[in-house]
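Chain letters run A, B, ... following the sequence lines, proteins first, then strands; residues in each count from 1.
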There are 2 protein chains.
Amino acid sequence: MAEVRSPASPLLVLCRKKKLRLTGQRRVVAYVISNAEDHPDVEEIYRRALKVDPYISIATVYRTVRLFEENGILYKRDFGSGRARYERTDEDQHYHLIDADSGQVLECEDKHIEDRLRQVAADMGYDLVTLRLSLCGRRKN
Amino acid sequence: MAEVRSPASPLLVLCRKKKLRLTGQRRVVAYVISNAEDHPDVEEIYRRALKVDPYISIATVYRTVRLFEENGILYKRDFGSGRARYERTDEDQHYHLIDADSGQVLECEDKHIEDRLRQVAADMGYDLVTLRLSLCGRRKN
DNA sequence: CTATGTGCAAAAGTTTTGCGGGTAA
DNA sequence: TTACCCGCAAAACTTTTGCACATAG
């Protein structure tokens with residue numbers, strides 16, 4: 001767990017760039033999310049954070065992910081479960097395909113889509129800031 | 001307000017097709033949504049419904065929109081306000097552009113996008129069931 | 001007549017916040 | 001030093017639900 005203290009985490013680099021105060025708890029949350037391969041909700045981030053810092057509070061996790069989101073470090077996603085889920089903004093851009101039957105979230109990518117949507121927004125007089133795109137599908141048999 | 005009793009509302013036609021029991025309250029909710037030009041949340045649907053039926057309960061509105069959603073009569077949307085918002089499924093397909101500063105929701109359309117996404121899903125072995133797509137942008141000056 | 005819906009109020013689930021003590025810079 | 005952060009518990013907010021009565025078909 002020494003890497004929690006390491007300055008190498010890409011999320012911590014972003015935190016410094018935004019001049020956010022680097023507290024122990026923020027390092028832990030950044031560490032947990034940097035190492036997540038999925039799209040955890042706050043409850044899950046909290047559960048993973050507890051393994052690193054058994055005294056961290058869920059209120060702090062809520063405050064931290066909100067802070068990160070406001071600073072463009074995390075995206076907040078809604079896959080319809082009733083809880084918000086988070087993912088890093090510094091990954092390659094991708095979208096989600098949700099299995100209508102199992103609820104499983106798969107990632108997919110199509111560079112063309114983003115360019116096209118950027119154009120749609122531009123035609124309406126807007127610069128595209130973020131994009132929420134998710135597909136819901138049923139497995140072909 | 002006589003139209004509330006009229007069988008003409010397109011949502012009521014869908015309700016009959018699905019063999020849903022047509023109560024007074026369901027007619028009111030269907031009427032309110034049929035006449036909505038925006039994407040109201042439950043609180044707002046309730047507020048508008050009260051003008052027609054001052055005794056309707058918000059619990060009934062929640063139950064009704066959920067029923068309608070489960071029967072494919074309404075889409076549930078999340079524009080990030082913390083409250084779910086609803087819109088009819090029987091309109092022309094369109095997407096949303098949310099103004100990053102004001103929160104205003106604009107509709108936009110691009111038929112090409114849907115076809116392309118249908119193909120992306122197909123390539124992963126899925127039939128596209130629904131599509132959630134929203135853009136967040138900032139007005140160009 | 002009977003299965004289903006409704007209103008009310010309470011419960012459940014998620015997220016935010018006030019406050020007193022603690023800490024990064 | 002000082003402005004900001006944390007943990008706790010309570011509050012706020014959205015949505016669901018149990019129950020007794022009402023009603024559509």
Please table the atom pairs, donor to acceptor, closer than 3.5 Å between any side-chain atom in residues 121-129 of chain B and protein atoms at least two apart or in another chain.
residue: B/D123; atom: OD1; partner: B/Q119; partner atom: NE2; Å: 2.9
residue: B/Y126; atom: OH; partner: A/D99; partner atom: OD2; Å: 2.9
residue: B/Y126; atom: OH; partner: A/R139; partner atom: NH1; Å: 2.9

Expected rows: protein N/O vs nucleotides 9-11 of chain C N/O, under 3.5 Å:
none

| query | Quick one, which residues of residues 38-50 of chain B touch DNA chain C with a heavy atom under 4.0 Å? | reply | none

| said: Can you measure A/I58 atom CD1 to D/dG7 atom P for me and round it to whole angstrom units? | reply: 12 Å

| message | My understanding is that only residues two or more places apart in sequence, or in another chain, count here; which of them pass side chain to side chain contact (heavy atoms under 4.5 Å, CB included) with A/R116? | response | A/H112, B/D110, B/H112, B/I113

| said: Under 4.0 Å from OP1 or OP2 of C/dT16: is there any side-chain N or O of A/Y62 that close? | reply: no

| request: Give a yes/no answer on whether the side chain of B/Q25 brings an N or O atom under 4.0 Å of OP1 or OP2 in C/dG7. | output: yes

| request: Could you state the atom-to-atom distance from OH of A/Y86 to C1' of C/dT14 in whole Å? | output: 11 Å

| With sequence neighbours left out, what residues match A/D53 under side-chain hydrogen bond (donor to acceptor under 3.5 Å, both in side chains)? | none

List the atom pairs, donor and acceptor, that lie under 3.5 Å between side-chain atoms in residues 58-69 of chain B and the rest of the protein, sequence neighbours left out.
residue: B/T64; atom: OG1; partner: B/T60; partner atom: O; Å: 2.7

| message | List the residues meeting side-chain hydrogen bond (donor to acceptor under 3.5 Å, both in side chains) with B/S34, not counting sequence neighbours, and say none if there are none. | response | B/S9

| request: Taking the side chain as every heavy atom from C-beta outward, state whether A/R88 and A/P10 have any atom pair closer than 4.5 Å. | output: yes

| task | Would you indicate whether the side-chain heavy atoms of A/R16 and A/L22 approach each other to under 4.5 Å? | result | yes

| note | Residues at least two apart in sequence or cross-chain that pass side chain to side chain contact (heavy atoms under 4.5 Å, CB included) with A/T89, listed by chain then number, are A/Y75

| query | Angle, rounded to 10°, between the helical axes spanning five pairs at each terminus of the helix from C/dC1-D/dG25 to C/dA25-D/dT1? | reply | 50°

| message | Counting only side-chain nitrogens and oxygens, does A/R83 get under 4.0 Å of the OP1 or OP2 atom of C/dG13? | response | no

| said: Restricting to ring-ring contact (aromatic ring centres under 6.0 Å, His included), what partner residues turn up for B/F79, sequence neighbours left out? | reply: B/H39, B/H96

| What residue pairs, at least two apart or across chains, pass salt bridge (Lys or Arg N to Asp or Glu O under 4.0 Å) with a residue in residues 33-42 of chain A? | A/D38-A/R48, A/D41-A/R83

| Does the side chain of B/I98 reach to within under 4.5 Å of the side chain of B/L106, using non-hydrogen atoms? | no

| When every nucleotide of nucleotides 19-25 of chain D is labelled 5' to 3' by its protein contacts under 4.0 Å (heavy atoms), B for base, S for sugar-phosphate only, - for none, what sequence of letters results? | ----BBS

| query | Just wondering, are more than 12 heavy atoms of other shown residues or ligands nearer than 6.0 Å to NZ in A/K140? | reply | yes

| remark: note: A/D78, atom CG; D/dT15, atom C1'; distance rounded to Å ~ 14 Å

| How is A/I56 classified with respect to the nucleic acid when contacts are heavy atoms under 4.0 Å: base, sugar-phosphate, or nothing? | sugar-phosphate

| Does B/R66 put a side-chain nitrogen or oxygen below 4.0 Å from OP1 or OP2 of D/dT15? | no

| task | Write down the distance between CG (B/L67) and P (C/dT4), rounded to a whole number of angstrom. | result | 13 Å

| field | Nearest-0.5 Å distance, CG of residue B/L14 to CG of residue B/N71 | value | 10.0 Å

| task | Find the distance between OH (B/Y95) and CZ (B/R77) and round it off to the nearest 0.5 Å. | result | 9.0 Å

